[in-house]
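The structure under discussion appears below in the form of structure tokens.
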2 protein chains.
Amino acid sequence: MGDFTIQQMRQQALEIFNAGLKAVNPIEAIHRHVQLSDDALLIAGRRFELKTFERIFIVGAGKAVAPMAKALEDLLGERIASGVIVVKEGHGLPLKRVKICEGGHPVPDEGGVRGTDEILSLVTEAGATDLVICLISGGGSALLIAPSEGIGLKDKQEATKLLLACGANIHELNTVRKHLSRSKGGRLARASYPATVVSLILSDVVGDDLDVIGSGPTVPDSSNFQETEQILKGYEIWDDLPISIRNHIERGVNGEIEDTPKSDDRAFQRSSAVLVGTNLQAMLAASKQAEQLGYQPLILTTKVEGEAREVAKVHTAIVKEVLSSGNPISAPACVLFGGETTVTLQGDGKGGRNQEYALASALALEGQDHVVVLSAGTDGTDGPTDAAGAIADGASVARARKKGIDPQDYLRRNDSYNFFKHLDDHIITGPTRTNVMDIYMLLVS
Amino acid sequence: MGDFTIQQMRQQALEIFNAGLKAVNPIEAIHRHVQLSDDALLIAGRRFELKTFERIFIVGAGKAVAPMAKALEDLLGERIASGVIVVKEGHGLPLKRVKICEGGHPVPDEGGVRGTDEILSLVTEAGATDLVICLISGGGSALLIAPSEGIGLKDKQEATKLLLACGANIHELNTVRKHLSRSKGGRLARASYPATVVSLILSDVVGDDLDVIGSGPTVPDSSNFQETEQILKGYEIWDDLPISIRNHIERGVNGEIEDTPKSDDRAFQRSSAVLVGTNLQAMLAASKQAEQLGYQPLILTTKVEGEAREVAKVHTAIVKEVLSSGNPISAPACVLFGGETTVTLQGDGKGGRNQEYALASALALEGQDHVVVLSAGTDGTDGPTDAAGAIADGASVARARKKGIDPQDYLRRNDSYNFFKHLDDHIITGPTRTNVMDIYMLLVS
């Protein structure tokens, strides 16, 4: 053990993280999955003959879709007839053929509604000889926002707020959302019919479920209006809902409004979806970089969930075993986890889940030599801070104590940002324009 | 995937668990580490020439030491001069040459004090030509109980109680305990000098630190009276302590009482310690059994700590990755974790950390095919229940719901015992007479 110094290991941890980030950069993600040969577009190995399409449209919504559209413009140039995407404020890029609309995120606004209406108009106009390339990334659910006919944005938001207050789970929330929308739950694919639709998706959700990312605008939905009604009545909020919402759902239950398209809907015969960026792709690239630096890599999961400080205990226990018995692998080792933890606020400090994880890990690894931990969000932000995450080692806690800082106290107050500020151990990337959740890395040498 | 049916997998999980248990059975653990050749005792490969010893004494304390002593009696017979061990009520066995005393556990009592006094008398009498074999296992700290001269058992307990109420950590607690004792913190080894001492230790603590198991009666202590005083004054409980405790510590600080022996103490030149049973040994045996059944085994750690339901989330995330991407290993896989989780009680249900872990895992794995989870304590008990743990699979939650049982509600109320009782999925072993913490197992086929 001890092939590398701690300073080397810290540098290597950053290199490994950056290799992961690079693999899910929206531009690289598109170029890796979409190529142009003379007369065809190759998307994830599938061939789309260009001569069979009259026009190519680009649509989409999400925080990362501007660079994704840019990559397609670079590739297809004038072959793109036109396009519209909705991005969060400040997430645009100069584009030539695709129009950028700005929408509210995380709270939807009228900007998002206007942009989504433009998208719906465009795809509705598309015909059997057109190709619609639909870009979806994290944030797509708030940005691709088209309340069903007769429902105002405020009414829809009121319904969501009531549901959230009841502690409804994500499946229930999505069922309701999809049944109050003209775009979600496969409705965008249906609107595009008879055009051919290819969705290029950057996943920001644990499990990469296509019907969850951006509320699945181009994939089949398995829920229906009856379930929607049951959920709202089950939580006893039906009577509190705006009348427009109740009318809409009742008409849906009575069959007066078409339900979301199911997997046998004709729209999906002409629609396919490709995951162009996932946490696993970032992990695999990080893993490869770790190997090149001389570490044995081990990807343990891309589906981490749970309370950040508790997750840190479980992860560091694995690293301690590497050090004591060489299980599950022997050092030098790079143990990788992906996913997204949560923080239950107990104090009034400043921090994010990644910094809190790094602080809890530093405490668990106190005094251990040859260990470095790095935790950072691939979108470059961690909670309401300017850091993406933090890096720590077995001496971090001792260094803090020397400065008169009590690590336990900072953890108790959820003040991980200031803890790492004192140590100058933030990871600052700035906005990365991508998001495939977080990377949690433990290096042992 | 799907090489085995769920029924086969459940059976295999039990076989793997039992193989782990067998490896740390106290009798087997002793026989694996102690052998007799014609004229020598071989302990973990080290040779003790029998002719150099006039007498062999057996002493010890812990819940598992009766079968450990039995194994030594079977091996050494009349070569044992005499012996005294302290066990928890009901944890005895008919022995021929070693006397069994019963002591209180987890709260020490006068029975433990009397037994420990007999042990101290015996080892004090032992001379340079005698061999003392000292057996230590989980529970040893409460059972090997000898308050320092002038201190009553009640006073010592009062001090510990005050310290616990302040939220002192295990290191601080042990420092204080060791400085109020005539047996802990290496004092038993010092009392045995000039005899040769070999300690055979069954570890029930995360990390297997010899100075923590049973409060390290035969290994060096690195803390001192000054630190003891600082801890008690730091928590501002010094003035509340019984006068006998304060007097004792002040005399220690002033050098009027000898401190605990440090690593350069002559006693340790004649004292050695062998871990005869650890969680890792159980894991390795379980791992071997899993391999024989056709599973790729992976020991992730023996040092799991944390809130049971949160730990379950992190572990099941790894299994989901095995299913979705074949990382970190491909199915059929047996992923093993060892250690000891905790439960923060929120409800008034009945359960234990292992059953709660199994319930939380069942929820996280709901609907997953080809997955079985088993969690059980190697001592055969889980919380205040007659079960050692529980077994579950991806259909457990659905089975429960069919019976009108709401798994979320049982988890909320910490009622895992009754949840698994309804499913008939308890693991019942009865007392195993060993304890190397818990085994958490996830099978994927």
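Letters A, B, ... mirror the listed sequences (proteins, then strands); counts begin at 1. Every value quoted in this text rests on a predicted model; they were computed, and no experiment measured them.
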Measuring heavy-atom distances to chain B, does A/I318 have an atom under 4.5 Å in its side chain, in its backbone, in both, or in neither? both
Taking atom CG of A/N327 and atom CG of B/L298, what is their separation to the nearest 0.5 Å? 8.0 Å
Euclidean distance, B/S325 OG relative to A/N279 CG, rounded to 0.5 Å: 10.0 Å
Going by atom types only, do A/S324 and B/K303 share a side-chain donor-acceptor pair under 3.5 Å? yes
Just wondering, do B/P328 and A/I299 contact through their side chains at under 4.5 Å, heavy atoms? no
Is the shortest heavy-atom distance from the side chain of B/T301 to the side chain of A/K320 under 4.5 Å? no
One should read off an interatomic distance between B/K313 NZ and A/T342 OG1, to the nearest 0.5 angstrom, of 6.0 Å
Between A/E310 and B/E310 (side chain of the first, backbone of the second, donor and acceptor by atom type, cut-off under 3.5 Å), is there such a pair? no
How far apart are the closest heavy atoms of A/L300 and B/E321, and which atoms are they? O-CB, 3.9 Å
Among B/V319, B/D208, B/L280, B/V304, which residue has the highest count of heavy-atom pairs closer than 4.5 Å to chain A? B/L280
